[in-house]
Amino acid sequence: MAEKKYTEAVGRRKTASARVRLVGAKSTTLMVNDKDAHAYFPIPLMVDTAQSPLKAVGVAYAVTAKVKGGGHKAQAEAVRHGIARALVEIEHSYRKDLKQRGFLKRDPRAKERKKFGLKAARRAPQWSKR
C-alpha cells in the first residue's frame with residue numbers, strides 16, 4: 001500500500017475555517033491561501049500563533065492552509081487548531097501536550113443573533129416614562 005503524501009485536518013474558530021495539510025520537511029514553512037504566512041498575516045505574532053503546535057512538540061513540517069471567514073486573528077487560530085489536529089493524526093502521543101496547551105479546543109464563541117423588538121442581541125430600546 002502506498003504511503004500518504006500528506007496529512008489533512010480542518011481547524012475552526014468562530015466563523016473562520018482552515019483546511020490544513022502537513023507534509024514532512026526538514027524545516028517548517030507555512031503557506032496560507034497560496035501566500036507566505038508572513039505576507040498573509042499583518043502581525044508577526046499571528047504567524048507565531050499559527051505555528052505554535054509545531055514548536056510545542058518540536059517537529060518540522062511544510063504546512064499549507066486554505067482559510068476563509070472571520071478576521072486575521074481567528075484565521076490564525078483556526079490554522080493552529082488544524083495543525084494540532086493533523087499532528088495528533090500523525091502521532092497520537094502528541095495529544096496530551098497539545099491538549100494541555102489548549103490547541104485541540106475548538107473556540108465555539110460567535111456573535112449572538114439580534115432578536116426582534118430589541119436594538120441588538122440583548123439591548124432593549126430606551127425606556128421613556130412619557
Side-chain angles (χ1 to χ4, degrees):
M1 189 172 168
E3 196 166 320
K4 288 169 64 174
K5 293 179 184 173
Y6 58 85
T7 305
E8 189 172 56
V10 175
R12 294 186 186 92
R13 186 197 192 279
K14 286 190 167 187
T15 56
S17 173
R19 193 177 80 227
V20 177
R21 289 182 176 178
L22 267 61
V23 180
K26 290 186 171 121
S27 64
T28 300
T29 58
L30 179 58
M31 298 288 284
V32 181
N33 290 352
D34 299 321
K35 289 184 182 177
D36 182 58
H38 295 282
Y40 185 80
F41 292 118
I43 302 170
L45 184 69
M46 292 179 186
V47 178
D48 294 339
T49 299
Q51 291 180 344
S52 53
L54 296 169
K55 291 177 183 171
V57 294
V59 292
Y61 283 96
V63 181
T64 56
K66 298 283 185 195
V67 196
K68 59 185 174 192
H72 286 294
K73 186 172 194 296
Q75 286 181 352
E77 292 184 12
V79 170
R80 178 180 73 184
H81 187 226
I83 291 172
R85 281 179 154 185
L87 285 171
V88 169
E89 203 173 301
I90 292 167
E91 182 61 56
H92 192 72
S93 62
Y94 295 152
R95 183 174 173 80
K96 185 179 179 186
D97 192 29
L98 293 172
K99 195 170 172 70
Q100 278 180 341
R101 294 169 190 256
F103 295 159
L104 294 172
K105 178 93 171 96
R106 187 247 195 266
D107 190 351
R109 293 177 296 175
K111 188 173 180 178
E112 189 176 338
R113 81 171 201 85
K114 181 197 172 295
K115 281 78 170 189
F116 60 87
L118 299 179
K119 299 262 185 205
R122 299 184 186 203
R123 169 80 169 103
Q126 186 171 351
W127 183 77
S128 169
K129 189 169 184 177
R130 284 182 186 86

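Just so it is clear, the structure is predicted and the values come from calculations on it, not from any experiment. Only heavy atoms go into these numbers, but all of them, side chains included; no hydrogens, no water, no symmetry mates.
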Practice prompt. Report whether F103 and L45 are members of the same hydrophobic cluster (ILVMFWY, side-chain heavy atoms less than 4.5 Å apart, transitive linking).
Written response: yes
Worksheet item: Between V10 and M31, is there a shared hydrophobic cluster once you connect ILVMFWY residues whose side-chain heavy atoms come closer than 4.5 Å?
Response: no
Nearest 0.5 Å please: distance from the [atom1] atom of [X] over to the [atom2] atom of [Y].
X: K105; Y: L98; atom1: NZ; atom2: CG; value: 15.5 Å
X: D107; Y: R80; atom1: CG; atom2: CZ; value: 9.0 Å
X: T15; Y: Q75; atom1: OG1; atom2: CD; value: 8.5 Å
X: E112; Y: R122; atom1: CD; atom2: CZ; value: 4.0 Å

Worksheet entry | Short side-chain to backbone donor-acceptor contact, H72 and F41, under 3.5 Å | no
Residues 17-26 side chain polar contacts: donor-acceptor under 3.5 Å, at least two apart:
from : atom 1 : to : atom 2 : distance (Å)
R19  : NE     : E8 : OE2    : 3.2
R21  : NE     : E8 : OE2    : 2.9
R21  : NH2    : Y6 : OH     : 3.4
R21  : NH2    : E8 : OE2    : 3.4

Discussion item. Walk me through whether R109 and R13 qualify under side-chain contact (heavy atoms from CB on, under 4.5 Å).
Written reply: CA-CA 8 Å; R109 293 177 296 175; R13 186 197 192 279; 3.4 Å; yes
Mind listing the closest non-hydrogen atom pair of [X] and [Y] along with its distance?
X: A9; Y: G82; value: CB-O, 3.4 Å
X: H81; Y: R106; value: CE1-CB, 3.7 Å
X: K73; Y: E77; value: NZ-OE2, 2.8 Å

Worksheet entry | Derivation and outcome, side-chain contact (heavy atoms from CB on, under 4.5 Å), residues Q100 and D97 | CA-CA 5 Å; Q100 278 180 341; D97 192 29; 4.3 Å; yes
Worksheet item: Quick one: do R85 and E89 make a salt bridge, cutoff under 4.0 Å?
Response: no
Could you go through residues 52-71 and list every donor-acceptor pair under 3.5 Å that involves a side-chain atom there, pairing it with any protein atom two or more places apart or in another chain?
from : atom 1 : to  : atom 2 : distance (Å)
S52  : OG     : T49 : O      : 2.7
K66  : NZ     : D34 : OD1    : 3.1
K66  : NZ     : D34 : OD2    : 3.0

Discussion item. Is it true that, when you exclude K119 itself, more than 12 heavy atoms of the residues, nucleotides or ligands shown sit nearer than 6.0 Å to its NZ?
Written reply: no
Worksheet item: Who passes side chain to side chain contact (heavy atoms under 4.5 Å, CB included) against R95, sequence neighbours left out?
Response: V88, H92, K99, L104
